[in-house]
Structures are given as C-alpha cells and as structure tokens.
Amino acid sequence: MMLADLSAAVLIFSLLMYLALDGTDLGVGMLFYAFDTPQQRQWMAHSLLPLWDANETWLVLMAGGMLALFPALYSLLLQTLMVPVFLLLLALFLRALALAYRAQVSRAWRVWLDRLMIASSLAAAFLPGWISGLILVSRPPAGIIIDLSLAPLLCGAGVVAVDLLLGCCWICWRLDEAAGERARSLAVLAWTCAVICLTGVILLEPTLWQLSWQRAPGQLILIAIPLLIVLQAILLWREAMVALLMTTLLLVGAVVIALAFGLYPWLLPFQLRIQEEASSPVTQGVVLTGMLIFLPLTLAYHSWSFWVFKRRHQR
C-alpha cells in the first residue's frame, strides 16, 4: 500500500466511525418524536450526554485530515457544497444546544428544545447521506452538481433510516422495557425503509457496485451485505436488539468499504485520482504519524466511556 492509499484509508475509517457512532446519537434524537413522556426523554438525553461530543471528534478528524492530505478534494467540496455543509454544521450545533441545555431550562422551553432536537437530528442525518450521494453519482467533466435527483435523495433517506434503526436498538439496550417495546416496533419500519433505499440506490447507480465486484475483496463484501440484511431480519424477529445494533454497524461498514473498493483509485468518481491529488510525502508522513497516534487514543476513550456509562436506565 502506497502512502496516499494509506491516507485515503485513514479518512474512510474516520468517516465510518462517525457514521456508526454519531449516527446512533442522531437516531435517538429523532426518536424524541416517538417518545413524548418527560421521563423517557430525560433518560434518552442522559444516555447521550457522556458520549455525543466525543463521537463528533471523528468528523473533525476526517475534515482536518482531508484538508492536510487531499487539499484539492477539500477545496472542491467546500466550493461546490458550501451551503449544505454549512447547514450540516448548523444542524450539529443546534443539536448540541438542545441536548446540553434542555436540563437547564423551564418545562416550556424544554418542549421547544426537544422539537429543535428532533429537527436538527433529522437534518444532521439526512445531509451527510445526500452530500455523499451527490459526490458518488458525479460525472466528469461536471464536477459536483447540487440537484434533487432521486439517487442522492435516497442516500439521504437511507442514512436517516439506518440512524433511526441504530437509535431504536440503543433505546432497547439502555432504557426500560416500556420504551424498548415501542422501539422494537419502530425498528421494523426503519429497517424496511433502509433496505428499500439501499436497493433503490444500487438500481439507480450501479457503476461503483459493479466496479467493486471486479475486485476480490469487493466481491466478498458485496456477498456479505445481503447476508447481513437477512441476519438483521432474523434478529428483528427474535427481538435481539443489542445483536441487531452490532449487525447494523457491520452492515454500515460493509456498504462504506464496498463503495470504497468501487471508487478506488479515485477520490471523486473518474475525476480526481488519489495518487495525483495527495499532498507531498513529507506532509502525509507527518499527518499520518499524528493520526496513527491519536486514533488509538480516541478509540480507547470511547471504550472507556461506554464502560463507565453502561448502566441501564430503569424505573
């Protein structure tokens, strides 16, 4: 593996960790709509408060790493997608505001903050999926075009559905049985929507999936994807929600890695090559050394946080 390939792999890993960890937080935030009792919402917020800010560290790592390792891609994305990226950052800020201050205000203001939590979590889940869809379906020589075509919209809707599924699993794990019963019902709907969106994206934009199939690792991952979906259905039927949470995270990883194999050696499909757009070897070496030190520390902190705050909220 060349240095530029390792740089791209580190960015993909950071993206995957953000989608997996913060996706669960966003799913719980959107589910404030379905759990309207003050006690349940309080428990949902308390289950997120020790973890949400650390989860967003991966987004910062990815953005900073892209700026240092692939500045041409960073520049193109910001120039073209400045508005949706700004809206994403605004949604994350508003979600943090609603989550951090809901315990400090009166009950009337708390209702408005909970509504803000729902709306901002929905926006912060949809926008990364939609932006990713715009990038993955781009065609030369147009660069990236912001439009409302069906494939990017399905990508955004699919990320929302997956985050809702993760949030349902988290609630079943961390809250009492009364909340878990409703979460299991919502998980079936979220899983169905996620499968429909994934199928629609594959049918509408098969190019990257076909390219991934041409590589042996990509073939193995693409075979694993439908098997994981079937396993999800079995776990839903058996109501094994913690196992479903882990399986869903594996599926998210399989989809991201399969797309990465289909995209290679491009940063932007058929327009920006990894080797041509990477920073100098000296810059890559310095940045990767720092990230390879920082990544294990971040993973250790996440593991420690989950262990310390693993207690389940019960009546």
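By convention here, the first residue in the shown sequence is residue 1.
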Item to complete: Report the C-alpha distance between W170 and S47 in whole Å, list the side-chain angles of each, state the deciding distance to 0.1 Å, and finish with yes or no for side-chain contact (heavy atoms from CB on, under 4.5 Å).
Response: CA-CA 9 Å; W170 180 264; S47 73; 3.1 Å; yes

Discussion item. Any heavy-atom pair between the side chains of P269 and L263 that's under 4.5 Å?
Written reply: yes

Discussion item. Any side-chain to backbone donor/acceptor pair from Q219 onto W213? Under 3.5 Å, distance only.
Written reply: yes

Item to complete: Verify whether one side chain among Q284 and S279 offers a donor that lies under 3.5 Å from an acceptor in the other.
Response: no

Worksheet item: What's the shortest heavy-atom distance between G285 and T289, and which atoms?
Response: O-OG1, 2.6 Å

Discussion item. To the closest 0.5 Å, what do you measure between CG (L259) and SG (C155)?
Written reply: 8.0 Å

Discussion item. Working to the nearest 0.5 angstrom, can you tell me the gap between R215 CZ and I221 CD1?
Written reply: 11.5 Å

Worksheet item: Within a strict 4.5 Å, meaning less than it, do heavy atoms of the Y33 and D114 side chains meet?
Response: no

Worksheet item: Is it true that L150 and V201 fall in one hydrophobic cluster, defined by side-chain heavy atoms closer than 4.5 Å?
Response: yes

Item to complete: For the pair S212 (side chain) and A258 (backbone), establish whether a donor and an acceptor sit closer than 3.5 Å, ignoring hydrogens and angles.
Response: yes

Worksheet item: So do the side chains of L245 and W173 get within less than 4.5 Å of each other, counting heavy atoms only?
Response: yes

Worksheet item: At what distance, to the nearest 0.5 angstrom, does CD of Q232 lie from CG of L228?
Response: 7.0 Å

Discussion item. Ring of F35, cation from R182 - is the NZ or CZ under 6.0 Å from the centre and inside 45° of the axis?
Written reply: yes

Practice prompt. List the atom of G167, the atom of L31, and the distance in Å for their closest heavy-atom pair.
Written response: C-CD1, 3.5 Å

Practice prompt. Using only heavy-atom distances, determine whether the side chains of D5 and Y264 contain a donor-acceptor pair under 3.5 Å.
Written response: yes

Practice prompt. Just grab all the side-chain hydrogen bond (donor to acceptor under 3.5 Å, both in side chains) pairs involving residues 76-93, residues at least two apart or on different chains.
Written response: S75-Q79

Worksheet item: When rounded to the nearest 0.5 angstrom, what is the spacing between CD1 in I274 and CG in L268?
Response: 11.5 Å

Discussion item. Could you work out, with side-chain hydrogen bond (donor to acceptor under 3.5 Å, both in side chains) as the rule, every residue matching T283, not counting sequence neighbours?
Written reply: S280

Item to complete: Locate the shortest heavy-atom distance separating D25 from R95; write the atom from each residue and the value.
Response: CB-NH1, 3.6 Å

Fill in: Set of residues satisfying side-chain hydrogen bond (donor to acceptor under 3.5 Å, both in side chains) with respect to Y74, sequence neighbours excluded
none

Worksheet item: In terms of hydrophobic clusters joined by side-chain contacts under 4.5 Å, are V83 and L89 together?
Response: yes

Worksheet entry | Sub-4.5 Å side-chain heavy-atom contact between I135 and L77 | yes

Worksheet item: What distance do L88 atom CG and L92 atom CG have between them, rounded to the nearest 0.5 Å?
Response: 4.5 Å

Practice prompt. State plainly whether one hydrophobic cluster holds both L292 and L3, where clusters connect Ile, Leu, Val, Met, Phe, Trp and Tyr through side-chain heavy atoms under 4.5 angstrom apart.
Written response: no

Worksheet item: So how far is it from M30 CE to M117 CE, rounded to the nearest 0.5 Å?
Response: 11.5 Å

Worksheet item: Should L244 and L231 count as side-chain neighbours, where that means a heavy-atom distance under 4.5 Å?
Response: no

Worksheet item: Under a single-linkage definition using a 4.5 Å side-chain heavy-atom cutoff for Ile, Leu, Val, Met, Phe, Trp and Tyr, are I234 and L198 assigned to the same hydrophobic cluster?
Response: no

Worksheet entry | Check against side-chain contact (heavy atoms from CB on, under 4.5 Å), T248 and V162 | CA-CA 8 Å; T248 304; V162 169; 4.2 Å; yes

Discussion item. With a 3.5 Å distance limit and no angle check, can you tell me whether R110 reaches the backbone of V105 through a side-chain donor-acceptor pair?
Written reply: yes

Worksheet item: Can you tell if the side chain of E205 reaches within under 4.5 Å of the side chain of L136, non-hydrogen atoms only?
Response: no

Practice prompt. Please tell me if the side chains of C172 and R184 come closer than 4.5 Å, counting only heavy atoms from C-beta onward.
Written response: yes

Worksheet item: Quick one: are F32 and L116 in side-chain contact, heavy atoms under 4.5 Å?
Response: no

Discussion item. Go through it in stages, so that I can follow the logic: the residues are Y101 and L113, the test is side-chain contact (heavy atoms from CB on, under 4.5 Å), and I'd like the CA-CA distance, side-chain angles, deciding distance and then a yes or no.
Written reply: CA-CA 8 Å; Y101 286 97; L113 286 181; 4.3 Å; yes

Discussion item. Using side-chain contact (heavy atoms from CB on, under 4.5 Å), reason through T298 and W58 one step at a time and then give a plain yes or no.
Written reply: CA-CA 9 Å; T298 306; W58 297 101; 3.5 Å; yes

Item to complete: Please name the pair of heavy atoms, one in L166 and one in G23, separated by the smallest distance, quoted to 0.1 Å.
Response: CD1-C, 4.3 Å

Fill in: Closest heavy-atom pair and its distance - F261, P217
CZ-CB, 3.5 Å

Item to complete: Specify the closest pair of heavy atoms between I225 and A254, including all atoms of both residues, with the distance to one decimal.
Response: CG1-CB, 3.9 Å

Item to complete: May I ask you to check whether Q210 and T207 show a side-chain donor-acceptor distance below 3.5 Å?
Response: no

Discussion item. Under 4.5 Å between side-chain heavy atoms, counting indirect links through other Ile/Leu/Val/Met/Phe/Trp/Tyr residues: same cluster for I257 and V159 or not?
Written reply: no

